[in-house]
> 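Before anything else, here's the structure in question.
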Number of protein chains: 4
Amino acid sequence: MPGNTFGHSFRITTWGESHGKALGVTVDGVPAGLPLEPQMIQKELDRRRPGQSQVSTPRSESDSVEILSGIFEGKTTGTPISMMVWNKDARSSSYDNIKDVARPGHADYPYTEKYGIRDYRGGGRSSARETIGRVAAGAIAKEILAKYGIDVVAHVIALGTVCAKPLPLDMIKENLEKTPVRCADLEAAEKMLKEVEAAREEHESIGGMVEIIATGVPAGIGEPVFDKLDADIAKAMMGIGAVKAVEIGAGFEASHLKGSQMNDPFFMEGEKVVTSTNNAGGILGGLSTGMPIVCRTSVKPTPSISKPQQTVNLKEMKDTDITIQGRHDPTIPPRMVPVAEAMMALVIVDHMIRSGRIHPNSLLK
Amino acid sequence: MPGNTFGHSFRITTWGESHGKALGVTVDGVPAGLPLEPQMIQKELDRRRPGQSQVSTPRSESDSVEILSGIFEGKTTGTPISMMVWNKDARSSSYDNIKDVARPGHADYPYTEKYGIRDYRGGGRSSARETIGRVAAGAIAKEILAKYGIDVVAHVIALGTVCAKPLPLDMIKENLEKTPVRCADLEAAEKMLKEVEAAREEHESIGGMVEIIATGVPAGIGEPVFDKLDADIAKAMMGIGAVKAVEIGAGFEASHLKGSQMNDPFFMEGEKVVTSTNNAGGILGGLSTGMPIVCRTSVKPTPSISKPQQTVNLKEMKDTDITIQGRHDPTIPPRMVPVAEAMMALVIVDHMIRSGRIHPNSLLK
Amino acid sequence: MPGNTFGHSFRITTWGESHGKALGVTVDGVPAGLPLEPQMIQKELDRRRPGQSQVSTPRSESDSVEILSGIFEGKTTGTPISMMVWNKDARSSSYDNIKDVARPGHADYPYTEKYGIRDYRGGGRSSARETIGRVAAGAIAKEILAKYGIDVVAHVIALGTVCAKPLPLDMIKENLEKTPVRCADLEAAEKMLKEVEAAREEHESIGGMVEIIATGVPAGIGEPVFDKLDADIAKAMMGIGAVKAVEIGAGFEASHLKGSQMNDPFFMEGEKVVTSTNNAGGILGGLSTGMPIVCRTSVKPTPSISKPQQTVNLKEMKDTDITIQGRHDPTIPPRMVPVAEAMMALVIVDHMIRSGRIHPNSLLK
Amino acid sequence: MPGNTFGHSFRITTWGESHGKALGVTVDGVPAGLPLEPQMIQKELDRRRPGQSQVSTPRSESDSVEILSGIFEGKTTGTPISMMVWNKDARSSSYDNIKDVARPGHADYPYTEKYGIRDYRGGGRSSARETIGRVAAGAIAKEILAKYGIDVVAHVIALGTVCAKPLPLDMIKENLEKTPVRCADLEAAEKMLKEVEAAREEHESIGGMVEIIATGVPAGIGEPVFDKLDADIAKAMMGIGAVKAVEIGAGFEASHLKGSQMNDPFFMEGEKVVTSTNNAGGILGGLSTGMPIVCRTSVKPTPSISKPQQTVNLKEMKDTDITIQGRHDPTIPPRMVPVAEAMMALVIVDHMIRSGRIHPNSLLK
């Protein structure tokens with residue numbers, strides 16, 4: 001079974017390569033009756049697209065979305081929504097020198113083992129451009145969730161050696177887009193920018209951490225046992241290119257706590273059951289508790305660096321060196337923010353439908 | 001879509017509650033021709049079962065497996081294998097006092113929100129006894145993988161405040177079962193035992209970390225984009241009851257590294273492409289690299305503690321206190337070891353078949 | 001991907017062989033709050049079980065169902081329901097002489113090609129006993145559907161050379177169980193019984209037709225394009241052992257009609273949109289119209305006959321003759337009636353949930 | 001779960017409406033290394049496209065395929081292949097008068113019930129134009145199957161009151177495209193053409209039958225129990241717009257036969273196990289036997305006729321009359337031939353991969 005489809009009740013299938021003609025997504029399971037304009041998609045693609053700031057690759061793509069189906073008189077009809085963008089600034093010749101060489105930290109070698117051949121231009125299908133489809137689909141998911149009072153926001157909480165200080169949600173939302181690193185702690189953001197700059201000068205790259213928060217999710221969505229809400233979030237996040245770790249709520253810290261420290265006491269807030277702490281990160285036994293869902297991911301440094309590296313030539317099966325040219329992001333987390341939001345929104349809307357909270361066919365019902 | 005099925009080409013469906021009649025699993029997609037004896041299943045269930053040591057719950061269950069289908073003359077036939085164990089030592093009366101009360105850290109509240117009713121006895125379906133089916137199915141997965149030179153081992157690397165020191169794989173395997181905490185660093189294991197004992201005396205529980213290592217996995221399994229090998233591992237691990245974080249290879253540490261530190265240089269070892277470090281944890285771009293797959297999970301402390309806790313009565317929708325009785329593990333990681341191994345084995349066997357490395361119908365081909 | 005699971009939102013997985021220890025099914029996706037007693041399952045298994053009349057095999061099995069999970073205080077909890085029956089009257093020695101020989105009309109040869117080995121006793125997994133799991137699961141589906149005013153009934157409309165005359169639905173329901181052939185036209189039933197008797201005496205078997213009718217299905221369930229309601233019904237019915245053709249509404253007759261004859265005119269009946277004819281069989285464009293769903297299946301004669309037949313020995317790869325012993329049904333349709341009802345009920349309940357007409361988690365909402 | 005995806009190991013997702021911007025398909029699971037040129041797709045789309053003859057609608061669409069991804073240097077790479085055609089000759093104004101009226105025999109009414117709104121122009125998603133994606137994907141499936149010696153051909157065997165006489169396979173292939181009705185019995189074809197002409201003059205439409213034959217399928221593909229090869233074929237065929245019945249091999253005739261007449265005797269033909277008759281239609285117990293797979297479908301007359309018909313206005317919920325304008329096929333079977341071939345090819349390639357006969361990742365292995 002191939003792996004380019006995500007979700008069950010709200011199901012997306014992405015396609016396209018970095019240097020192919022176009023990239024896109026088909027979204028199946030969007031309930032009818034949702035007002036949908038291209039601008040709602042475009043604003044998220046604009047947050048994701050390359051060339052937007054000094055912390056992203058200089059590749060210049062407008063990534064203008066075309067919506068090809070599933071909309072009638074400005075509203076979704078319940079049929080599949082196909083969306084695409086054309087590749088315009090592909091410079092494939094930059095990749096000629098690496099066509100037989102496995103770039104360290106990239107999937108070149110296992111792709112070759114799996115398929116026998118690969119499209120080496122710009123990483124082909126394993127390029128970050130693949131996330132265009134995710135972000136476009138996620139934009140629809142967000143529009144639906146907004147109608148149910150659910151909001152998803154992601155932000156950078158660490159970059160290189162700089163960590164942001166914890167901030168309240170409204171300040172995160174307010175500051176998020178004020179700086180190209182998408183860190184709401186503006187002081188930390190300044191330092192992060194400097195680390196990015198330094199890395200670029202050293203022909204290096206740096207990693208970081210992205211936190212994703214979903215508020216307004218009602219209690220009781222998710223499925224017990226295997227399709228737990230946190231299990232699906234973990235899959236969604238670990239399935240983003242450079243992510244190497246995922247935690248929910250107290251996460252890694254949980255391993256050092258005692259039961260009485262970890263457990264979040266329940267109490268009544270008016271008619272509502274809430275907890276006084278949120279070590280659970282909004283999920284218990286795989287089901288949402290009604291508290292904010294909090295997820296953090298660790299993002300490795302961009303594997304493409306222009307320092308010389310040791311590797312192998314896969315055609316000759318010999319040791320060799322490589323110096324990667326081409327245009328690359330010096331760090332991934334800032335541009336990953338809209339992708340992480342999209343994946344979280346996709347998981348939640350899927351489970352909202354699966355749990356009977358959103359009608360699978362129509363918002364008009 | 002309900003959530004009690006895991007895997008695609010090798011697919012398991014588990015069933016059963018803590019205080020129901022029985023628990024079990026149906027395993028579909030086991031290729032024909034695998035020699036299979038009950039003892040191969042039982043030995044893994046014995047590692048999982050309660051009452052095996054001072055660090056586990058005193059509930060006494062033999063958990064004797066019955067294989068009901070799919071075997072003919074000692075070999076698998078390619079048809080579904082149904083396995084079950086009977087519940088024998090259920091003491092449901094212990095739970096009468098909590099039937100309307102949401103235990104902190106447990107799924108009682110969201111279960112009630114989701115389903116309207118719940119089997120409150122021993123956690124019902126959200127009990128750790130649910131993992132019986134996973135371990136039984138995982139035992140079959142391990143038998144198959146062994147025929148392909150793939151080995152899966154898990155061990156406790158942290159418990160409470162004690163961390164184990166890194167050890168070579170052969171020593172991990174040798175020491176793993178020497179101590180009830182399943183920590184291969186025997187000195188650390190001693191200290192861990194003491195922390196468990198202390199926690200029990202304080203009516204507390206402690207968390208810890210489990211590391212899972214798979215060796216012998218060939219390069220090129222996994223699916224790009226959504227069904228990445230690491231994404232499926234993350235889902236599998238986060239889907240185990242108390243797990244709050246999952247990392248692959250350098251994991252959380254990756255966020256602090258520079259590109260040249262994180263990237264694992266490739267080189268030729270004879271005919272084989274290998275890397276000199278393994279920060280990738282054996283997975284690049286969602287595909288196996290041929291290096292050992294390394295995953296670590298953070299496990300929260302057992303939520304059931306006998307200290308009084310603040311919570312709500314879900315029937316009366318009022319604040320209340322709870323003191324949990326019943327029989328509980330003071331810490332989860334030691335008994336989670338066979339569960340984590342099972343989940344890793346299930347993911348790998350599924351992807352081995354999906355990637356065409358194991359014939360989907362028959363090992364005789 | 002293995003094939004022992006059916007349905008998406010209401011999903012069953014069956015297991016077990018004719019001469020294994022037991023057979024059963026796990027039903028995942030049953031909403032919570034459904035009152036469920038073993039007797040509701042048993043009454044359908046009793047209609048299916050062997051030895052019930054002169055038109056069925058003399059194998060004597062009580063097929064007493066055990067419900068092992070998913071029920072608490074007489075109600076479903078939303079967790080998987082595992083059900084099983086033990087095999088008691090297996091006489092495996094009858095099959096020793098055919099273990100290397102491909103029975104004509106049976107799956108022995110392609111099973112051997114697929115799996116390399118097979119459980120030859122009583123057909124193993126391809127035995128009609130496999131349908132025990134379907135009928136048990138279908139009984140739950142029927143209980144749910146009844147709460148929504150949906151009723152499913154099947155009956156024999158042809159057996160051998162005898163065809164039943166069309167009857168109104170209430171007479172079909174009234175007469176259905178009055179005769180062992182399950183034909184509501186009692187005069188035709190008499191003749192059918194004689195044909196069965198004659199076939200048995202000639203060491204022959206006969207085929208027939210089963211019609212399945214579902215009433216009360218609301219308009220608008222089903223999914224357009226591939227998962228059409230009629231497409232899923234066709235799959236469900238063709239997936240029953242001996243079925244060789246499936247038609248909906250006018251079915252084969254439709255190919256000879258003109259547009260104005262085939263199209264069912266719509267008109268208002270009070271507040272309700274109905275059609276004056278039902279050539280569509282209750283389905284247009286893959287979606288239910290609100291009219292009765294009408295499906296007919298053609299069932300081949302039992303392949304096991306005690307006349308000598310020409311075939312091959314699969315071990316020696318040589319031509320040979322076979323005379324099949326063992327206990328067999330002289331005709332399949334009468335015992336297929338409850339199986340066909342079960343499959344129809346399973347398809348409809350699955351699509352009722354998929355289309356948002358039944359809450360996926362709980363009937364209490 | 002939405003329904004626009006078909007297949008498991010070879011999985012297609014179609015999108016697009018009759019009067020939207022474009023229609024297309026994403027094909028996931030195409031193994032790497034298949035040489036693929038647009039012309040291979042186009043030739044099948046040309047067989048399907050409207051305006052090709054006097055028996056098809058006069059709507060004029062070139063349906064020129066664009067391949068947007070998944071190909072590199074003329075070969076598939078194992079990544080998703082996205083294909084699309086632009087709609088060019090949509091005349092939406094023809095549909096203004098029917099926007100609130102349920103066309104008899106069409107899905108307008110249940111669509112409205114399901115989604116609340118619908119794109120009424122040309123049938124929207126339930127238009128026959130939706131099959132563009134199927135045919136494009138099927139063309140890839142056929143290319144793969146050809147490499148394994150598997151060939152799929154469909155032809156019209158009945159139209160209106162005219163039935164074709166049985167012909168050998170090579171003559172079917174030779175004559176198939178010689179006449180616009182795609183009936184290999186050229187004498188019958190002449191009569192069929194006249195019936196089509198007569199129907200058009202009477203403002204009527206006629207139905208017919210399409211037979212699909214697949215040769216070269218090895219024994220042992222398919223999955224037992226629910227995902228039987230014939231069950232999946234039945235679903236595939238019944239999922240084509242106007243199909244009302246599906247039969248395999250002897251099909252409906254099987255219900256009248258005796259066991260000794262129905263059973264196909266096995267014998268050895270050299271090293272190969274074959275049968276002397278093929279009442280099974282190449283499938284036993286859901287698995288292929290190695291004999292040709294033979295399937296017949298009954299196709300209803302085009303529901304769009306320009307005779308006045310009785311129906312209801314869905315907005316006013318009142319009885320009314322309708323006279324359908326617009327451009328329509330007077331009969332469906334001739335243009336359904338490439339669609340039926342595509343669906344059969346999709347089912348077979350999916351099961352070839354599922355059964356381990358075609359490598360899921362690469363034809364280069």
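Computation of the quantities below employed the complete heavy-atom set of this structure, encompassing side-chain atoms and omitting hydrogens, waters and symmetry-equivalent molecules.
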> List, one per line, each side-chain donor-acceptor pair under 3.5 Å for residues 27-42 of chain D, sequence neighbours excluded.
unit_1, atom_1, unit_2, atom_2, d
D:Asp28, OD1, A:Asn4, ND2, 2.8
D:Asp28, OD2, A:Asn4, N, 3.0
D:Asp28, OD2, A:Asn4, ND2, 3.1
D:Gln42, OE1, D:Val65, N, 2.8
D:Gln42, NE2, D:Asp46, OD1, 2.9
D:Gln42, NE2, D:Asp63, O, 3.0

> Out of D:Asp350, D:Leu364, D:Asp119, which one racks up the most heavy-atom pairs below 4.5 Å with chain A?
D:Asp119

> Do D:Leu68 and A:Trp86 make a side-chain contact, defined as non-hydrogen atoms from C-beta onward lying under 4.5 Å apart?
yes

> Which atoms of A:Glu130 come close to chain D, meaning under 4.5 Å heavy atom to heavy atom: side chain ones, backbone ones, both, or neither?
neither

> Specify which of D:Ser69, D:Gly70, D:Pro2 makes the most heavy-atom pairs with chain A at under 4.5 Å.
D:Pro2

> Which one, D:Gly3, D:Gly124, D:Gly78, D:Ala22, leads in non-hydrogen pairs under 4.5 Å with chain A?
D:Gly78

> Given heavy-atom pairs under 4.5 angstrom as the criterion, report whether the side chain, backbone, both or neither of D:Ile353 touches chain A.
neither

> Counting heavy-atom pairs under 4.5 Å to chain D, which of A:Arg354, A:Lys75, A:Met1 comes out on top?
A:Met1

> Can you tell which of D:His19, D:Arg121, D:Glu17 makes a side-chain contact (heavy atoms from CB on, under 4.5 Å) with A:Phe72?
D:Arg121

> Quick one: does A:Thr5's side chain get under 4.5 Å of D:Arg11's, heavy atoms only?
yes

> Any side-chain heavy atom of D:Arg125 within less than 4.5 Å of one from A:Thr77?
no

> Quick check on the interface: out of D:Gly116, D:Ser9, D:Gly20, who has the most heavy-atom pairs with chain A under 4.5 Å?
D:Ser9

> So, do D:Lys21 and A:Ser82 sit near enough that their side-chain heavy atoms are less than 4.5 Å apart?
no

> I need the D:Leu363 CG to A:Ile117 CD1 distance, nearest 0.5 Å.
9.5 Å

> If we define contacts as heavy-atom pairs under 4.5 Å, which of D:His8, D:Lys114, D:Met84, D:Glu73 has the most with chain A?
D:Lys114

